[in-house]
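Count residues from 1 along the sequence.
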Amino acid sequence: MTTTASSSDFAQGAEIDVDRRLRLSRFLSIRPAEDGFVLEQPLVGNSRRIKGGAAFEILFHFIRPTTPRAILDAVITAEKRGVVASLLGVCIANGWLVEVDDQGRASEDGDEFAPWEFHDLLFHVHSRRGRNPHPVGATYPWRGRLEAEPAFVDDVCERPIPLLRPAVGEPLAPIDQLLASRRTRYSTAPVPLDALGRLLYFSCRVISVAKSGDELLIKKPYPSPGSLHPLDTYVIVARCPELDRGLYRYEAREHALIPIGGPSAEIDDLLNEARRGTGCLDEEPSILLVFSARFRRLSWKYQSIAYHLLLQEVGGLYQTLYLVAEALGLAACALGAGDSDNFARAAGTNYYRATSVGEFLLGGRT
């Protein structure tokens, strides 16, 4: 015998139209947590923990638009109908199910929400106060549970390549002039080693180190949250008359380059991907700077906002590099994305411990 559903089937007497066509929200996320699962929909701004898997069986039916009536009519016993009705009420109230029109479009597909991709909105919500249910800021969530990330990479190198240190007081152009003339420039002309040394000195070197409690605070020319400076600068060389083609790490304390690896397929791929990323270079760039982040250096101290702060630091470094490159007469171009897996293979780093988060091209001015 077929049964039919009515609005009274829903928990707490909620007035819900059982003939509304619903589908899963495209912003819904599901993740395990202790004895159950957490379901979250950032447009609603809350998360809810549920036990067991019954809700997932219900949600599965809404991969394509359907109605609560269709689900309830398929339930035979009154006991099961009550459970299903209660779960449907929870799903609707929490925004896990959204109403769609005759064309299958929901309000979350409209102009206000359409530009937001799932990961962008979730990242935004969880790195700001307001809808984020977790603590935000310098809570030191891993103190006492994980070792803090060292302030510096201490690899062994018998023959580091020293770089030019500019003379004390060497002038650069006035800041207002640099801000006015700064722009993205493209060039594949070789970059002299002295020019590369000057650029790294004025933008990336360690100026000072101070101890505060159990933390080392580092000062560089660009700002960093908590003076932690989790970024390491790697230099991929294609055309620099005084350097062999290959990958180098910039040792910011000594102002020197540490050779990491010679020519390789991974380096070729990184350079060619950077070329394609500009959309206008006919050959691989002369110098590709890659910035690798030791993420634990930030997340050991900052909760919820560690990656958010990391991207802010990359932006500050980009602007510093642009202004210094402009002052030195170098062509500079920041890239929007790169291949972190390929970089990890080329540099021999762990993707999760030291992963690339930014790329920057340099060329000589012709």
Using modelled atom types only, decide if a donor and an acceptor are shared between the side chain of [X] and the backbone of [Y] within a distance under 3.5 Å.
X: S286; Y: A189; answer: yes
X: E215; Y: L217; answer: no
X: R239; Y: T188; answer: yes
X: S224; Y: S227; answer: no
X: E242; Y: L193; answer: yes
X: R165; Y: R198; answer: no
X: S304; Y: P135; answer: yes
X: R249; Y: D232; answer: no
X: N350; Y: A354; answer: no
X: T320; Y: G316; answer: yes

Would D154 and R253 satisfy salt bridge (Lys or Arg N to Asp or Glu O under 4.0 Å), going step by step from the backbone distance to the final call? CA-CA 11 Å; D154 287 316; R253 292 167 294 179; 2.8 Å; yes
Can you tell whether the side chains of [X] and [Y] come within less than 4.0 Å, N to carboxylate O?
X: D269; Y: R345; answer: no
X: R353; Y: E149; answer: yes
X: D214; Y: R143; answer: yes
X: R48; Y: E40; answer: no
X: D109; Y: R23; answer: yes
X: R20; Y: E99; answer: yes
X: R185; Y: E326; answer: yes

Which pairs count as ring pair (Phe, Tyr, Trp, His ring centres under 6.0 Å) when at least one residue sits in residues 193-242, sequence neighbours excluded?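 Every ring pair (Phe, Tyr, Trp, His ring centres under 6.0 Å) pair that includes a residue of residues 193-242, provided the two are not neighbours, is Y201-H255, Y222-H229, Y234-F343.
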Hey, are [Y] and [X] close enough side-chain-wise for a donor-acceptor pair under 3.5 Å?
X: S292; Y: S356; answer: no
X: Y307; Y: S299; answer: no
X: E359; Y: Y318; answer: no
X: S25; Y: E108; answer: yes

For W116, all residues meeting ring-ring contact (aromatic ring centres under 6.0 Å, His included), sequence neighbours excluded: H124
How would you list, by chain and number, every residue that makes a ring-ring contact (aromatic ring centres under 6.0 Å, His included) with F113, sequence neighbours excluded? none
Do R296 and W300 meet the cation-pi criteria used here (NZ or CZ under 6.0 Å from the six-membered ring centre, within 45° of the axis)? no
So with a 6.0 Å cut-off around [atom1] of [X], is the heavy-atom count from everything else above 12?
X: R64; atom1: CZ; answer: no
X: R159; atom1: CZ; answer: no
X: E170; atom1: CD; answer: yes

L288 and side-chain contact (heavy atoms from CB on, under 4.5 Å): which partner among L362, I236, I267, L247? I236
Could you check whether any side-chain heavy atom of [X] comes within less than 4.5 Å of a side-chain heavy atom of [Y], counting everything from C-beta outward?
X: V237; Y: D244; result: no
X: L200; Y: L163; result: yes
X: F56; Y: F37; result: yes
X: L243; Y: Y248; result: yes

Nearest-0.5 Å distance that lies between atom CG in L88 and atom NE2 in H61: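 Nearest 0.5 Å value for the CG-NE2 distance: 9.5 Å.
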Once rounded to the nearest 0.5 Å, what's the spacing between atom CZ of R26 and atom CD of E117?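 Nearest 0.5 Å value for the CZ-CD distance: 8.5 Å.
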